[in-house]
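Encoded as structure tokens, the structure appears first; notes follow it.
Residue numbers start from 1 in every chain, and the chains themselves are labelled A, B, ... in the order their sequence lines are given, proteins ahead of strands.
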Number of protein chains: 2
Amino acid sequence: MTAPLPKPETLSKERLRLWLRMLRVTRQVEAALREKLRLEFDSTLPRFDVMAALLREREGLKMNELSRRLRVSNGNVTGIVDRLADDGLVERIAIEGDRRATRVRLTPAGCDAFTVMAQAHESWVNELLDGVDAEDAHHIGELLHRLPADTGAR
Amino acid sequence: MTAPLPKPETLSKERLRLWLRMLRVTRQVEAALREKLRLEFDSTLPRFDVMAALLREREGLKMNELSRRLRVSNGNVTGIVDRLADDGLVERIAIEGDRRATRVRLTPAGCDAFTVMAQAHESWVNELLDGVDAEDAHHIGELLHRLPADTGAR
DNA sequence: GCTTGAAATTTTAAGCTTGAAGCAATTCTT
DNA sequence: AAGAATTGCTTCAAGCTTAAAATTTCAAGC
């Protein structure tokens, strides 16, 4: 007896089911992280993302680069940086030789604040993904890495 | 020689890496779907989600139930349903015996419109998850299912 | 019947998000 | 060097999202 025929329809449904499950898990984790950030640091995920991107680049990033790294619209970054700057966590610095662009970087206060948040963030994720051992994590990561969606330009 | 010691730190980092990758893939797929919905149907993901929830329940759902199923705030659902109702795709129906609640259901036009969109949506997901065979899909699904985040109440 | 409390929904304020339009500065072309 | 296209950023309109406050209605308890 041969193996059962793979119905052409099944694969599509299976992928749809996987997508819905990924979406649900991701949203759940995001919601948990958002609430934690709000309650413990009176902050938000977008703010965290911006600060995370800036931490690595001590000389700062252009708005341009920031929006490309985070994969969000440039108009979006403007607002988030505005609010972070109001709070004294980041600062806009003029770029010599190009008066159109500005460089954004963490202030010392922003750097300190983010360091604390990042540590908490990692431990929250660690708790939320409880039950995933290193092997699973690595395995899922590999599978996800195969998706076209994970291969886009940085 | 014994197996390498599992550093306590490694697992946490590995989970963090997995989370960041899941987040990136999910956002990428969401962005693609959002754009498709906008260009081809002049619609949005939240509208799609609401209509999807309503399709199964031909008698409709209370705002209450809708917001619980979609896991979004009730105030949020109000706005989305408002706009769908403006477009004649859903309708609010009074519930006899309780003047506080309303039942929302797809209009025939909404039902037709969603059927077309749902078909396109499935094929988009199928393309976006190209490279994931049925076995992979099933496997990742199982792993995700183990997460505490996927075990919450429906 | 009246009051108190709970339930269903809407409203509100603040922030996030996008795509498109608008501005200013730079670079390219001729 | 003048005009044209490009680049970098902000502004804008519309919609999504949440948490919290406000409204209206229902359900008990007294």
Side-chain angles (χ1 to χ4, degrees), chain A residues 23 26-28 30-51 60-87 89-104, chain B residues 23 26-28 30-51 60-87 89-104:
Chain A
L23 194 55
T26 304
R27 284 185 179 170
Q28 197 91 5
E30 265 192 301
L33 293 176
R34 188 186 327 119
E35 187 182 12
K36 288 280 197 181
L37 275 177
R38 182 176 64 87
L39 294 179
E40 309 233 342
F41 298 112
D42 192 30
S43 191
T44 67
L45 278 173
R47 289 166 66 107
F48 184 86
D49 290 343
V50 165
M51 294 177 82
L61 289 168
K62 291 196 299 182
M63 294 296 283
N64 211 348
E65 301 168 327
L66 206 40
S67 116
R68 215 169 334 108
R69 288 209 191 190
L70 302 177
R71 298 164 198 278
V72 299
S73 67
N74 33 14
N76 188 358
V77 177
T78 297
I80 299 169
V81 167
D82 282 351
R83 286 179 284 272
L84 285 173
D86 286 347
D87 293 348
L89 300 175
V90 307
E91 55 190 350
R92 284 182 165 97
I93 298 170
I95 289 186
E96 51 195 302
D98 192 341
R99 275 178 298 179
R100 292 170 302 182
T102 47
R103 193 171 292 284
V104 184
Chain B
L23 194 55
T26 303
R27 284 184 177 172
Q28 195 92 5
E30 265 192 303
L33 293 176
R34 189 188 324 122
E35 187 181 12
K36 289 278 198 184
L37 275 176
R38 183 177 64 88
L39 293 180
E40 311 233 341
F41 298 111
D42 193 31
S43 192
T44 67
L45 277 172
R47 289 166 67 106
F48 185 87
D49 290 344
V50 167
M51 294 177 83
L61 290 168
K62 291 196 300 181
M63 294 297 284
N64 211 349
E65 301 168 327
L66 207 38
S67 116
R68 214 170 334 106
R69 288 209 191 190
L70 301 178
R71 299 165 199 277
V72 298
S73 66
N74 34 13
N76 188 0
V77 177
T78 297
I80 298 170
V81 167
D82 280 351
R83 286 179 285 272
L84 285 173
D86 286 346
D87 293 347
L89 300 175
V90 306
E91 55 189 352
R92 284 183 164 95
I93 298 169
I95 291 185
E96 53 195 301
D98 192 341
R99 274 179 298 180
R100 293 171 300 180
T102 48
R103 193 171 292 283
V104 184

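At a threshold of 4.0 angstrom between heavy atoms, the contacts of Leu45(A) with the nucleic acid are absent.
Closest-nucleotide positions on DNA chain C for Ala101(B) and Asp82(B) were compared, and the one nearer the 5' end corresponds to Ala101(B). Heavy-atom distances to DNA chain D give each of Arg47(B) and Lys62(A) a nearest nucleotide, and the one nearer the 5′ end belongs to Lys62(A). Each of Glu65(B) and Ile80(A) was assigned the nucleotide of DNA chain C with the nearest heavy atom; the assignment lying further toward the 5' end belongs to Glu65(B).
Listed by chain and residue number, Ser67(B) satisfy the side-chain contact (heavy atoms from CB on, under 4.5 Å) test with Asn74(B) (two or more places apart in sequence, or in another chain). Checked against side-chain contact (heavy atoms from CB on, under 4.5 Å), Thr78(A) has the following partners two or more places apart in sequence or in another chain: Met63(A), Asp82(A), Arg92(A).
The side-chain heavy atoms of Val81(A) and Leu66(A), taken from C-beta on, include a pair separated by under 4.5 Å. Taking the side chain as every heavy atom from C-beta outward, Glu30(A) and Leu23(B) approach each other to under 4.5 Å.
What separates CE of Met63(B) from P of dA7(C) is a distance of 18 Å, to the nearest Å. Between Asn64(B) atom CG and dA7(C) atom C1' there is a gap of 8 Å when expressed in whole angstrom units. A straight line from CZ of Phe48(A) to P of dC16(C) spans 15 Å, rounded to a whole angstrom. Remark: C1' of dT9(C) and CZ of Arg103(B) are 15 Å apart, rounded to the nearest angstrom.
With both pairing distances under 3.5 Å, dC30(D) is matched to dG1(C) as a Watson-Crick or G-U wobble pair.
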Got a list of protein N/O to nucleotides 25-29 of chain C N/O distances below 3.5 Å?
residue	atom	partner	partner atom	Å
dT26(C)	OP1	Arg99(A)	N	3.1

Taking only N/O atoms, report every protein-nucleotides 19-23 of chain C pair under 3.5 Å with atom names and distance.
none

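Counting 5' to 3', DNA chain D first comes under 4.0 angstrom of a heavy atom of chain B and last does so at the ends given by dG15(D) to dC26(D).
Applying the side-chain hydrogen bond (donor to acceptor under 3.5 Å, both in side chains) rule to pairs touching residues 32-45 of chain A yields Ser43(A)-Arg47(A), sequence neighbours excluded.
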